[in-house]
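Working notes for the structure below.
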Amino acid sequence: MNVRRSAAALAAIAVVGAAAAPVAASPSPSPSVAKPSGLFGSGDPTYDGVWRQSLALLAQHTVGVEPAAKAVDWLTGQQCANGAFAAFRADPAKACDAKVMVDTNSTAAAVQALAALGGHDAQTGKAVTWLKSVQNKDGGWGYTPGGASDANSTSVVVGALTAVGQKPDAVRKDGKSPSDALLKLALPCAEGGAFAFQPDKAGKLAANADATAAAVLGALGEGLVAGPAAKTAAPACSDGARTPAQAAANGAAYLAQAVKKDGHLVSALPGATDQPDYGNTADAVVALAAQGGAQQARQPLAWLGKNAAGWARQSGPAAYAQLIFAAHATGTDPRRFGGQDLVAQLNATGPAPQTKATAQQDTQKDKDDDSPFGVWWFVGVCLVAGIGIGFLVSGRRKGPQL
C-alpha cells in the first residue's frame, strides 16, 4: 500500500498508455483539472483524489481532529449512484456512466474513512453492496471489476468490511472467502514467506513487499488503521498450518528481515537505482505492529522518524496519513514524530478542520434542518411573537387614557 498502490499505477498506465510514477509521490505542478476547495493536496487528483482524501480524513479522525465539513462533503459527493467510487470525478453532478472507471481501492478506502467518521451508513452501505457485487470467484478483488484478484485490493476491501462491522470471511463468492484469495498468494518459507501481488502470466508467485504489508493486515482482518497486537512476539515463518494468522506471521517475518539491514524497504523501478521506499516502509510498520506488537516495528519506525519528513512534504496528504497510521500502530505521538508535527502538517494540506464551536454549530444546524417544521417555521413564530410583544410594549408605554 504505497501512497498510490501498485494496482492503481497499473490502471493508470492502462488508461494513458504510458508508464508513470505514482501520482501522489510526485504531485503535478500544474494540475490538469481545477482543484476543488474541499480536497486535500495540491497535486492533480485524477488518479488519487478519493484515495488521498479518504486517508487524510481517516488520519484526522484517528488523532481526534474533526475534519472540515466540506472535506467530508467532497468525498461523499464523489460516490456514484451504484455505490462505487472512482479515483476522481471532476463533475460530481454528472451521473456516472460506463466511461467512469470506478475501482475497489478508492471505494474501500472511502468506506473506511466514512465509517470511522460515522453518520454515513447510507453511503457505506451502498459502497459495500457494490464491493460484494464485484467479488471474484476466488474470494478476492482486483483493482477494477473483473480484474484478477491481487493482495492489495483484497486487503483494502477486507478493511472496509471490517470497518462496517461485517466479518470478511463471511463474504463469499462460490464458497471462497477473502482469506482463501490471500492464502493463494502466500509464498512458502523457503521463499521468505512473503505475499505476491498477483501470479505472473505463468502462474508463478514473486515476493512483493508492498503486497506483503497490505496482506498481513488483510489476513489479520485489519484496515488501514490498526493498533499494536496485544501480545508481543517476534514473527516467525512456518509452513505448518495454512491459516490466515500463520500467513500473517510469515509475511511479518519477511518484512522484518527486509528492513533488518537498513531499517527501510527499497523501491526498484526498471532502469533505476534502488531507492528507499518510504510509503511501503510506513505500511510495514503498521503490519509489523499489528501482527507482533509495537516492539517489532521499532527499527523501521525510527528510520522513518529520521528520514521521512522530506518525502511526506513532497508527497502530500496521503503520505502524512501513512506516517500517522504508523505512529498510531506503535503508540507514538504523531505530533512529535522525529521532530515533526504530522497532524499540523496534514491539516495544512486541506481545509481547516472544525473547532469545537463550528462542530457544535453544524450539529445544531443539522437538528434545525431535521425539525418537522423547519427553520422558517421557527423564524415565523419569532416574528409573530415579536409583533405581539411590540403591541404589549406599545400599550404599556401609552398607559391609561384620561
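Since this is a predicted model, take the numbers as computed values, not measurements.
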Heavy atoms only: give me the nearest [X]-[Y] pair and the separation to one decimal.
| X | Y | value |
| --- | --- | --- |
| P45 | L39 | CB-CD2, 3.5 Å |
| S106 | V50 | O-CG1, 3.6 Å |
| A297 | L288 | CB-CB, 4.0 Å |
| A282 | L323 | CB-CD2, 4.3 Å |
| Q123 | Q79 | O-NE2, 3.0 Å |
| G193 | C237 | CA-SG, 3.8 Å |

Would you confirm whether [X], through its side chain, and [Y], through its main-chain N or O, come within 3.5 Å as a donor-acceptor pair?
| X | Y | result |
| --- | --- | --- |
| S153 | D150 | no |
| Q198 | A148 | yes |
| T212 | G251 | no |
| N250 | S238 | yes |
| D239 | C189 | yes |
| Q78 | R89 | yes |
| T154 | W141 | yes |
| Q354 | P67 | yes |
| R335 | A344 | no |
| H61 | A116 | yes |

Any side-chain donor paired with an acceptor under 3.5 Å for [X] and [Y]?
| X | Y | result |
| --- | --- | --- |
| S177 | S179 | no |
| N152 | S155 | no |
| D103 | T144 | no |
| Q345 | D341 | no |

If you define the side chain from C-beta out and look only at heavy atoms, does anything of [X] sit under 4.5 Å from [Y]?
| X | Y | answer |
| --- | --- | --- |
| P276 | T281 | no |
| N82 | C96 | no |
| T332 | F337 | yes |
| V285 | F325 | no |
| Q112 | T162 | no |
| T349 | Y320 | yes |
| P244 | L182 | no |
| H120 | T76 | yes |

So how far is it from [X] [atom1] to [Y] [atom2], rounded to the nearest 0.5 Å?
| X | Y | atom1 | atom2 | answer |
| --- | --- | --- | --- | --- |
| D174 | D138 | CG | CG | 9.5 Å |
| N208 | N280 | CG | CG | 7.5 Å |
| L255 | L265 | CG | CG | 6.5 Å |
| Q53 | F85 | CD | CZ | 11.0 Å |
| H328 | L58 | NE2 | CG | 9.5 Å |
| L55 | I324 | CG | CD1 | 10.0 Å |

Query raised in the report: Would the number of heavy atoms belonging to other residues, nucleotides or ligands and lying under 6.0 Å from CZ of R172 be above 12?
Result: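 Enclosed.
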Requested in this report: For K176, look at atom NZ and say whether over 12 heavy atoms of other residues, nucleotides or ligands are found less than 6.0 Å away.
Outcome: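 No, because the 6.0 Å sphere around NZ of K176 holds 12 heavy atoms or fewer from other groups.
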Report task. Let me see the working for C80 and V102 under side chain to side chain contact (heavy atoms under 4.5 Å, CB included), right down to the final yes or no. Result -> CA-CA 9 Å; C80 295; V102 295; 3.9 Å; yes
Query - ring-ring contact (aromatic ring centres under 6.0 Å, His included) contacts touching residues 154-176 (sequence neighbours left out) - result: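 Counting only pairs at least two positions apart or across chains, no ring-ring contact (aromatic ring centres under 6.0 Å, His included) contact touches residues 154-176.
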Requested in this report: For H264, check ring pair (Phe, Tyr, Trp, His ring centres under 6.0 Å) against everything at least two apart and list the hits.
Outcome: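 Result, ring pair (Phe, Tyr, Trp, His ring centres under 6.0 Å) vs H264: W303.
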Query raised in the report: When you look at N307 and Y278, which way does the side chain to side chain contact (heavy atoms under 4.5 Å, CB included) test go after all the steps?
Result: CA-CA 9 Å; N307 299 282; Y278 299 91; 4.2 Å; yes
Query - Full working for side chain to side chain contact (heavy atoms under 4.5 Å, CB included) between F40 and K35 - result: CA-CA 9 Å; F40 278 82; K35 178 184 175 295; over 6 Å; no
Query raised in the report: If you look only at pairs with a residue in residues 126-137, which of them pass as a side-chain hydrogen bond (donor to acceptor under 3.5 Å, both in side chains), with sequence neighbours excluded?
Result: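 Residue pairs with at least one partner in residues 126-137: K132-Q166, N136-S149.
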**Report entry** Verdict with supporting geometry, Q291 and Q296, side-chain hydrogen bond (donor to acceptor under 3.5 Å, both in side chains)
**Finding:** CA-CA 9 Å; Q291 195 281 324; Q296 307 309 318; over 6 Å; no
Query - Residues D48, R52: salt bridge by 4.0 Å N-O rule - result: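 The answer is yes: the pair qualifies as a salt bridge.
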Report task. Take E191 and Y254 through the side chain to side chain contact (heavy atoms under 4.5 Å, CB included) test and state the conclusion after the steps. Result -> CA-CA 9 Å; E191 299 177 50; Y254 170 85; over 6 Å; no
